[in-house]
Q: 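Could you have a look at this structure, given as structure tokens, before my questions?
What you see is a predicted model; the values in this text were computed from it and never measured. We name chains A, B, ... by the order of the sequence lines, and we start the count at 1 in each one.
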Amino acid sequence: MKSDEIMDIALRRGFIYPSSEIYGGISGFYDYGHLGTLMRRKWEDTWRKHYLSLNPNYFEVDATNIMPKNVFIGSGHLENFTDPLTECEKCHSRFRADHLVEECLERCAEGLSAEEMSGLIKESEIPCPKCGGKLLDVKMFNMMFELSVGSTGDSETAYLRPETAQGAFLNFKRSFNTLRGKLPIGLAIIGRAYRNEISPRQGFYRLREFNQAELQIFFDPDTIDEHPDFEKIKDVSLRMFPLQNRSSGEVDEVKASELHKNYGIPKFYIYHLVKIQEFYLDKMNFPKELFRFRELSEDERAFYNKIHWDVELYTESLGGYKEMGGLHYRTDYDLSGHQKASGEKLEVNIEGKKMVPHVLELSFGVDRNFWTLLDVFYTDEGDRKLISLPKEVAPFRAGVFPLQKKEELENIAKNIYERLSKWFDLFYDDSGSIGRRYRRQDEIGTPFGITVDFQTIEDNTVTIRERDSMEQKRVKVEEIWKNI
RNA sequence: GCGGUCAUAGUGUAGUGGUCUAGCACCUGAGCCUUCCAAGCUCAUGACGCGGGUUCAAAUCCCGCUGACCGCACCA
């Protein structure tokens with residue numbers, strides 16, 4: 001299976017490892033090895049460059065992973081991130097208690113406490129939908145990791161953040177002021193988030209501790225149907241998978257301008273769809289057939305997301321199209337929620353116009369994107385395994401090799417390695433045959449091999465070997481940097 | 001959480017109570033050879049997931065834990 005082959009390389013070469021492995025590991029947690037760390041950092045750098053350059057008023061900020069309980073009352077996570085579960089006494093199947101109450105009693109279960117739901121289930125004698133057995137008391141299961149901050153006597157309940165986004169909302173007011181009161185402003189956060197999944201499956205896809213890269217754009221809702229650069233992108237074809245295509249499975253290619261005209265999606269939203277697609281197709285080189293925007297139905301999306309399309313990539317090892325990110329129009333849900341819960345005014349005043357800005361969220365799961373790069377670009381040619389990673393995200397840009405282990409060649413090669421290392425991540429290797437060393441680099445996605453041979457001594461040229469074609473060309477040492 | 005299957009070097013595996021001081025292949029390291037694509041030769045490193053039990057004796061049988069995989073449920 002492809003996921004086994006990728007995991008094999010990942011473990012053997014140093015991309016990812018199970019966390020706390022020497023103690024037996026822990027489900028849903030992975031560590032990054034030396035190659036994985038290089039690669040993830042490069043993915044994040046590429047992400048930064050791409051999304052922060054969309055507007056001079058977009059910046060990266062950073063926020064803590066631990067936040068006090070009240071934050072999550074304001075954000076709605078304490079209420080909405082909690083699932084009421086009930087278990088069957090007989091067959092031990094577990095069910096969402098609120099869903100059962102809604103289905104069986106045809107009443108709204110929103111806002112009911114665990115006790116109220118237990119009472120309703122007992123009164124109405126709702127049986128186990130599977131075996132008809134008796135259902136036990138409802139227990140609240142919250143997906144957030146709970147912590148107590150401070151010494152036990154006066155400790156305060158806090159949580160590990162379940163998404164990086166909250167940091168941007170909490171810092172909105174100060175950021176807005178320090179960035180001199182302009183809209184739109186964008187606050188990006190790249191960092192860890194935590195969800196206590198009941199049972200994480202699919203290896204690296206659903207993690208309990210994971211990395212997110214998110215950009216929260218705060219804008220004036222009256223301007224949602226305009227974008228200064230819309231003209232430039234109006235003819236771009238977007239790969240859309242709207243709700244009505246669910247049964248056919250077909251992806252429509254729709255021009256940005258038509259998306260506006262025929263589907264009524266606002267221009268500000270469309271502009272960012274275009275930029276996201278550009279990131280995946282042009283920066284990450286994914287074949288366009290593997291990419292699509294998937295529209296979410298009302299019950300799939302969070303209630304506060306007014307418009308929600310997921311970014312999906314076809315990932316063989318994960319069994320089909322999988323969510324890599326999303327573009328969420330969150331309205332003023334977050335800022336208004338925090339304004340209400342904190343008592344702090346989060347509305348802004350621009351030239352006499354008072355408003356709570358609306359939020360467009362670009363949200364990406366870093367680890368999933370990382371895994372999918374390995375999946376999509378991995379090829380087993382039989383006698384050669386390679387990962388055709390785009391050079392921007394490959395852990396190493398090039399390998400530097402002396403053709404043979406001879407001092408006169410090694411000296412030149414080491415010298416090239418040292419000089420170019422200021423600009424590129426390189427890997428120096430002088431052991432084994434030259435072919436073996438090329439193959440080793442192919443397997444970890446290194447795009448180029450720079451080889452010092454006997455001709456180098458005479459005319460100061462080296463060969464540069466390209467990973468995918470295995471073709472070589474001879475260039476002057478001073479011009480290597482232009483060719484890799 | 002439940003049910004099923006499983007756990008031996010970095011990876012893939014052999015091993016069915018004593019022949020295990022745990023075999024093999026690939027990988028890795030040192031050396032020889034080698035003027036560009038996994039060649040060859042020599043040598044070397046490295047493993048029974050963790051904890052308990054049964055037994056004269058456990059990689060092997062039993063129990064618990066942890067983890068992986070597959071179903072069910074869960075997945076703002």
Q: Nearest to the side chain of E197(A), heavy atoms from C-beta on, is which of rG67(B), rC75(B), rA76(B)?
A: rC75(B)
Q: Go through the side-chain N and O atoms of W371(A) and S317(A) and say whether any donor and acceptor fall under 3.5 Å apart.
A: yes
Q: Answer yes or no for K275(A) and Y51(A): cation-pi contact, defined as NZ/CZ to six-membered ring centre under 6.0 Å and angle to ring axis within 45°.
A: no
Q: How far, in whole Å, is rC27(B) from rA39(B) if one measures between their P atoms?
A: 8 Å
Q: R440(A) side chain: which of rG31(B), rA76(B), rU28(B) is closest?
A: rU28(B)
Q: For R384(A), which contact category applies under a 4.0 Å heavy-atom criterion: base, sugar-phosphate, or nothing?
A: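 The residue R384(A) makes base contact.
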Q: Is R195(A) touching bases, backbone alone, or none of the nucleic acid, heavy atoms closer than 4.0 Å?
A: base
Q: Can you tell me how far C1' in rU45(B) sits from the matching atom in rA30(B), rounded to whole Å?
A: 10 Å
Q: For the P atoms, the ones on rC65(B) and on rG18(B), what distance do you get once it is rounded to whole angstrom?
A: 29 Å
Q: Pick base, sugar-phosphate or nothing for S27(A), based on heavy-atom distances below 4.0 Å to the nucleic acid.
A: sugar-phosphate
Q: So which nucleotide from rG29(B), rC36(B), rU28(B) ends up closest to the side chain of R436(A)?
A: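 Closest of the options to the side chain of R436(A): rU28(B).
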Q: Could you tell me how far rC62(B) sits from rG17(B) if I compare only their P atoms? Round to whole Å.
A: 12 Å
Q: Please list residues of residues 460-484 of chain A whose heavy atoms come under 4.0 Å from any atom in RNA chain B, ordered by number; otherwise none.
A: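 Under 4.0 Å from RNA chain B: T463(A), R465(A), M470(A), Q472(A).
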Q: When rounded to the nearest Å, what value does the distance between P atoms of rU19(B) and rA38(B) take?
A: 43 Å
Q: Ignoring hydrogens and angles, state whether a donor on the side chain of Y333(A) or N305(A) is under 3.5 Å from an acceptor on the partner side chain.
A: no
Q: Take S433(A) and Q404(A), find for each the nucleotide of RNA chain B with the closest heavy atom, and name the residue whose nucleotide sits nearer the 5' end.
A: Q404(A)
Q: Between E443(A) and R439(A), does at least one N-O distance fall below 4.0 Å, as a salt bridge requires?
A: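 Looking at R439(A) together with E443(A), the answer is no, because their closest N to O distance does not fall below 4.0 Å.
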Q: Among residues two or more places apart or on two chains, list those pairs meeting salt bridge (charged side-chain N to carboxylate O under 4.0 Å, His left out) that have a residue in residues 467-478 of chain A.
A: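 Pairs touching residues 467-478 of chain A that pass the test: D453(A)-R474(A).
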Q: What is the distance from CE of M7(A) to P of rA68(B), rounded to the nearest Å?
A: 10 Å
Q: Can you tell me how far P of rC37(B) sits from CZ of R437(A), to the nearest Å?
A: 12 Å
Q: Indicate, with a heavy-atom threshold strictly under 4.0 Å, whether D453(A) touches base, sugar-phosphate, or nothing.
A: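 If one applies the 4.0 Å heavy-atom cut-off, D453(A) turns out to touch a base.
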Q: Taking the six-membered ring of F448(A) as reference, does the cationic atom of R397(A) (NZ for Lys, CZ for Arg) lie under 6.0 Å from its centre and within 45° of its axis?
A: no
Q: How far, in whole Å, is rU8(B) from rA14(B) if one measures between their C1' atoms?
A: 9 Å
Q: Taking rC48(B) as the reference, what is the distance to rG23(B) when you measure between their C1' atoms (whole Å, please)?
A: 13 Å
Q: Apply the side chain to side chain donor-acceptor pair (under 3.5 Å) test between D442(A) and each candidate in K385(A), R437(A), R465(A); give the one that qualifies.
A: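 It is R465(A); the other options fail the test.
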Q: At less than 3.5 Å, do the side-chain atoms of R206(A) and the base atoms of rC75(B) form a donor-acceptor pair?
A: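 In this structure, the two groups form a donor-acceptor pair.
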Q: For I22(A), report the nucleic acid contact type (base, sugar-phosphate, nothing); a contact means any heavy atom under 4.0 Å.
A: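 No contact.
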Q: Please give the distance between the C1' atoms of rA58(B) and rA22(B) as a whole number of Å.
A: 13 Å
Q: Going by atom types alone, do Y428(A) and S421(A) pair a side-chain donor with an acceptor below 3.5 Å?
A: no
Q: Using a cut-off of 4.0 Å on non-hydrogen atoms, how would the nucleic acid contact of K406(A) be classed: base, sugar-phosphate, or nothing?
A: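 No contact.
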